[in-house]
Amino acid sequence: MKLTRRLALLAFAPALLAAPACVSVKSMMKGPPTAAISNRLPALEILADQGPLAMNDGALPEDPLKLFTQECHSNLTEPTDTATFGYAKLVVKKVKTLRTGRGLQGIQVLTFLLPAVVGVPLEWYKTTLQAELQVSDASGNLIGSYVGTGTSAVKVAMYHGYSQTTAPRLADIIALRGAMAQIRPQLDTATARLRPLLLAGGTVDNPTLPSSSVVTGSR
């Protein structure tokens with residue numbers, strides 16, 4: 001009887017490892033921290049290139065554009081419903097995700113996941129991501145580029161953590177947000193130079209308003 005119960009628990013363990021944790025990733029997608037630059041850029045067309053992130057198992061294809069659009073509207077550019085004066089493109093240049101602590105899962109299973117029940121993480125997803133913000137005028141001429149690096153460490157846990165299906169995406173999102181946070185002060189310093197160049201370059205023909213929705217790169 002004891003052997004049958006033990007085998008049943010071991011068979012059920014993978015389902016517990018994949019079960020959703022109590023924390024949702026949706027809160028991370030609602031909007032960036034409010035940290036507007038002192039002199040916003042004029043309204044721009046917003047684009048995103050996933051780059052190597054398209055080959056990662058975490059972020060969805062639409063995540064970089066969605067996060068960058070939120071960042072632009074909240075912190076970087078002026079609102080508009082009539083014209084845009086150039087392009088802001090976020091390009092993911094490098095991404096690396098490591099899974100650490102996986103060796104502990106064998107111990108967790110052998111102990112019937114008791115450590116997980118009391119809050120011990122099952123593993124961590126750690127992402128390092130480098131992104132570049134390219135600013136171009138209405139003719140497509142590059143007038144500025146700014147690079148930032150973000151990191152993350154997201155734990156998989158049954159209660160105070162995330163599920164194994166959610167953690168990879170959240171790790172990418174946090175790292176991407178971190179890269180944009182590094183770029184923001186660089187852009188704040190550069191706006192005195194960029195703003196006159198963008199306005200002098202005129203408006204984009206056939207702008208897609210209120211924002212563009214162009215994302216490149218594919219899985």
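- Closest approach of K93 and P52 over heavy atoms only: O-CG, 3.5 Å.
- Side-chain contact, S136 with N141: no donor N or O sits under 3.5 Å from an acceptor N or O.
- Distance check, rounded to the nearest 0.5 Å: CZ of R40 to CG of D188 gives 11.0 Å.
- Closest non-hydrogen pair, P168 versus D57, comes out as CB-O, 4.1 Å.
- Summarising the geometry, atom CD belonging to E132 is positioned 11.0 Å from atom OG1 belonging to T149; distances are rounded to the nearest 0.5 Å.
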L176 vs D63, side chain to side chain contact (heavy atoms under 4.5 Å, CB included): CA-CA, chis, key distance, verdict: CA-CA 10 Å; L176 186 57; D63 284 346; 5.8 Å; no
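- Heavy-atom minimum distance, A179 versus G148: CB-O, 3.5 Å.
- Interatomic distance, T189 OG1 to Y146 OH, rounded to the nearest 0.5 Å: 9.0 Å.
- Taken to the nearest 0.5 Å, the OG1 atom of T69 stands 9.0 Å off from the CG atom of L47.
- Proximity of a side-chain donor or acceptor of D172 to a complementary backbone N or O of R169 within less than 3.5 Å is not detected.
- By the side chain to side chain donor-acceptor pair (under 3.5 Å) test, T97 pairs with N56, T127, sequence neighbours left out.
- Salt bridge present: E78 and R195 bring a charged side-chain N and a carboxylate O closer than 4.0 Å.
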Worked check of side chain to side chain contact (heavy atoms under 4.5 Å, CB included) between F68 and I46: CA-CA 8 Å; F68 186 47; I46 302 169; 3.5 Å; yes
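- For the residue pair A138 and G202, the shortest heavy atom distance occurs at CB-O, 3.5 Å.
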Check against side chain to side chain contact (heavy atoms under 4.5 Å, CB included), W124 and V156: CA-CA 6 Å; W124 287 262; V156 177; over 6 Å; no
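- Linking Ile, Leu, Val, Met, Phe, Trp and Tyr whenever their side-chain heavy atoms come within less than 4.5 Å puts L65 and L53 in one cluster.
- A donor-acceptor contact shorter than 3.5 Å links the side chain of Q186 to the backbone of Q182.
- V95 is connected to L67 through a chain of hydrophobic side-chain contacts under 4.5 Å among Ile, Leu, Val, Met, Phe, Trp and Tyr, so both are in one cluster.
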Steps toward side chain to side chain contact (heavy atoms under 4.5 Å, CB included) verdict (E123, T100): CA-CA 6 Å; E123 65 174 315; T100 62; over 6 Å; no
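- The shortest heavy-atom contact between A36 and N75 is N-OD1, 3.2 Å.
- The side chain to side chain contact (heavy atoms under 4.5 Å, CB included) test with L44 is passed by exactly one of L198, V204, D137, L76: L198.
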Salt bridge (Lys or Arg N to Asp or Glu O under 4.0 Å) between R184 and E71, intermediate numbers included: CA-CA 9 Å; R184 194 183 304 132; E71 171 72 8; 2.7 Å; yes
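- Scored by the side-chain contact (heavy atoms from CB on, under 4.5 Å) test, A43 finds T80, T84 as partners (sequence neighbours excluded).
- Note that NZ of K66 and CD1 of I173 are 8.5 Å apart. Values are rounded to the nearest 0.5 Å.
- You'll find the side chain of Q50 reaches within 4.5 Å of the side chain of P61, heavy atoms only.
- Taken from OG1 in T203 to CD in E45, the straight-line distance is 10.0 Å, to the nearest 0.5 Å.
- Contacts of Y125 classified as side chain to side chain donor-acceptor pair (under 3.5 Å), with partners at least two apart in sequence or in another chain: R99.
- Formation of a donor-acceptor pair under 3.5 Å by the T77 side chain with backbone atoms of C72 is found in this model.
- When all heavy atoms are compared, the tightest approach of V147 to I183 is C-CG1, 3.8 Å.
- Linking Ile, Leu, Val, Met, Phe, Trp and Tyr residues whenever their side-chain heavy atoms come within less than 4.5 Å places L90 and V135 in a single cluster.
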